There are 2 protein chains.
Amino acid sequence: MMELTRKGEYAIRGIVYLAQQPAGKVSLISEIAQATEVPQTFLAKIFQSFAKLGLINSSRGTGGGFILGRPASSITLRQVVEAVEGPIMPNRCLLGTGSCERDGHCRVHPVWKTVQSHVVGILDGVTIEELASK
Amino acid sequence: MMELTRKGEYAIRGIVYLAQQPAGKVSLISEIAQATEVPQTFLAKIFQSFAKLGLINSSRGTGGGFILGRPASSITLRQVVEAVEGPIMPNRCLLGTGSCERDGHCRVHPVWKTVQSHVVGILDGVTIEELASK
DNA sequence: ACCTTTAAGACCAGTTTAGTCTTTTTATAA
DNA sequence: TTATAAAAAGACTAAACTGGTCTTAAAGGT
């Protein structure tokens, strides 16, 4: 239960690699893929998601590539994970006859709410800068 | 990310239903399935998992059916969820070149460890008795 | 014997995962 | 202005997982 997929793993590896590069350095997807041992085309898709969210900036053509869009200290592990895996949401509704919203007496719902807020809190407390530091 | 599957939802519904029955009452799978609105054959499989772990006792033939194998107060939500979904394990290894075990400098690993222990702790703190109470 | 009930296992359609491949767009350089 | 370099976009795919169904077997009761 609750496993991060490879996409999530690759996403973290990729952005941490970027954070470890010298300031201002632009990295090619081929370079990042090789260094992180991630299939290049798959990583490219992941980085497109990042770019759309502004976590990284991309540029095309000669001299193009990827670079962090914000300081690594302002990017949290949660943002990275949610960028590719979607929101952290352990709770769909349980118990009783209908959906949780319909009949409000669901006893399990608050438990999943608690789980969610703990996980979110932990992942929000970790920055890419921390992960990138030697 | 981190979603409970239907199997997990159904598992909780089913065992909570059992916990809500009068002490000593044996319930048929057909009855439980109808009451919880879960497909009967699917629920039967889930209950087989429970039976193997001793969470419930089953008996065949006329007058047979299912009954809790232990007091509801001694069955935790974690046990129920893990019985059908497997262990709560958010961490496969990330970062670096090899697996987390090989090169021990993985920075993300301890984060997932923390997540895991929090989630386990929360689910261990909730009993089926609590969930079954009106 | 016959009926009732769970157990076990084969089977299956649909979705998700983990990618690949091709084409297009954008930017630079000769 | 043409060639080249790079990311963007989208179609495609094999394998695994989800969410079941169906059939047969086993065990217990009458």
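Just so it is clear, the model here is predicted, and its values are computed rather than measured.
The distance from atom CZ of F50(A) to atom P of dA9(D) is 16 Å, rounded to the nearest whole Å. The CD1 atom of I29(B) sits 15 Å away from the C1' atom of dT4(C) (whole-angstrom rounding). Atom CG in N57(B) sits roughly 15 Å away from atom C1' in dA7(C) (whole-Å rounding). Between the CD atom of E31(A) and the P atom of dA6(D) there is a distance of 11 Å, given to the nearest Å. Atom CZ in R6(A) sits about 9 Å away from atom C1' in dA18(C), given to the nearest Å. The CG atom of L43(B) sits 11 Å away from the P atom of dA7(C) (whole-angstrom rounding). Nucleotide dA9(D) holds its P atom 5 Å from the NZ atom of K52(A), rounded to whole Å. Spacing between atom CD1 of I46(B) and atom C1' of dG19(D) amounts to 10 Å, rounded to whole angstrom units.
Of the residues listed (I46(B), I32(B), I56(B)), the one engaging I15(B) in a side chain to side chain contact (heavy atoms under 4.5 Å, CB included) is I56(B), and it is the only one.
By the 30° and 60° cut-offs, the orientation of the rings of F42(A) relative to Y10(A) is perpendicular.
L18(B) places none of its side-chain heavy atoms less than 4.5 Å from the side chain of F50(B). Within the 4.5 Å cutoff, the side chain of I12(B) has heavy atoms near those of the V81(B) side chain.
Set against dG19(C), dA6(D), dA7(C), the side chain of F42(A) has dG19(C) as its closest nucleotide. For A51(A), the side-chain atoms get nearest to dA8(D) when compared with the rest of dG19(D), dA7(D), dA8(D). Closest to the P39(B) side chain, of the nucleotides dA9(D), dA7(C), dG20(D), is dG20(D).
One hydrophobic cluster, built from ILVMFWY side chains closer than 4.5 Å, holds both V126(B) and I88(B).
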**Report entry** Evaluation steps, side-chain contact (heavy atoms from CB on, under 4.5 Å), between K45(B) and K7(B)
**Finding:** CA-CA 10 Å; K45(B) 295 233 165 271; K7(B) 198 152 119 184; over 6 Å; no
Requested in this report: Mind running side-chain contact (heavy atoms from CB on, under 4.5 Å) on R70(B) and L55(B) for me, showing each step along the way?
Outcome: CA-CA 6 Å; R70(B) 308 206 304 250; L55(B) 297 182; 3.7 Å; yes
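Here T5(A) reaches the OP1 or OP2 of dA18(C): one of its side-chain N or O atoms lies under 4.0 Å away. Contact annotation: Q48(A) does not reach the phosphate of dA7(D) (side-chain N/O to OP1 or OP2, under 4.0 Å). Proximity of Y10(B) to the phosphate of dG19(D): no side-chain N or O atom is located under 4.0 Å from OP1 or OP2.
At a cut-off of 3.5 angstrom, counting only N and O atoms as typed in the model, there is a donor on one side and an acceptor on the other between the side-chain of K45(A) and the base of dG10(D). Within 3.5 Å, no donor on the side chain of K7(B) pairs with an acceptor on the base of dG20(D), nor the reverse.
Heavy atoms of F47(B) sit nowhere under 4.0 angstrom from any nucleic acid atom.
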Distances under 3.5 Å only, N/O to N/O: pair up the protein atoms with those of nucleotides 22-30 of chain C.
residue : atom : partner : partner atom : Å
dT25(C) : O2   : R60(A)  : NH1          : 2.7

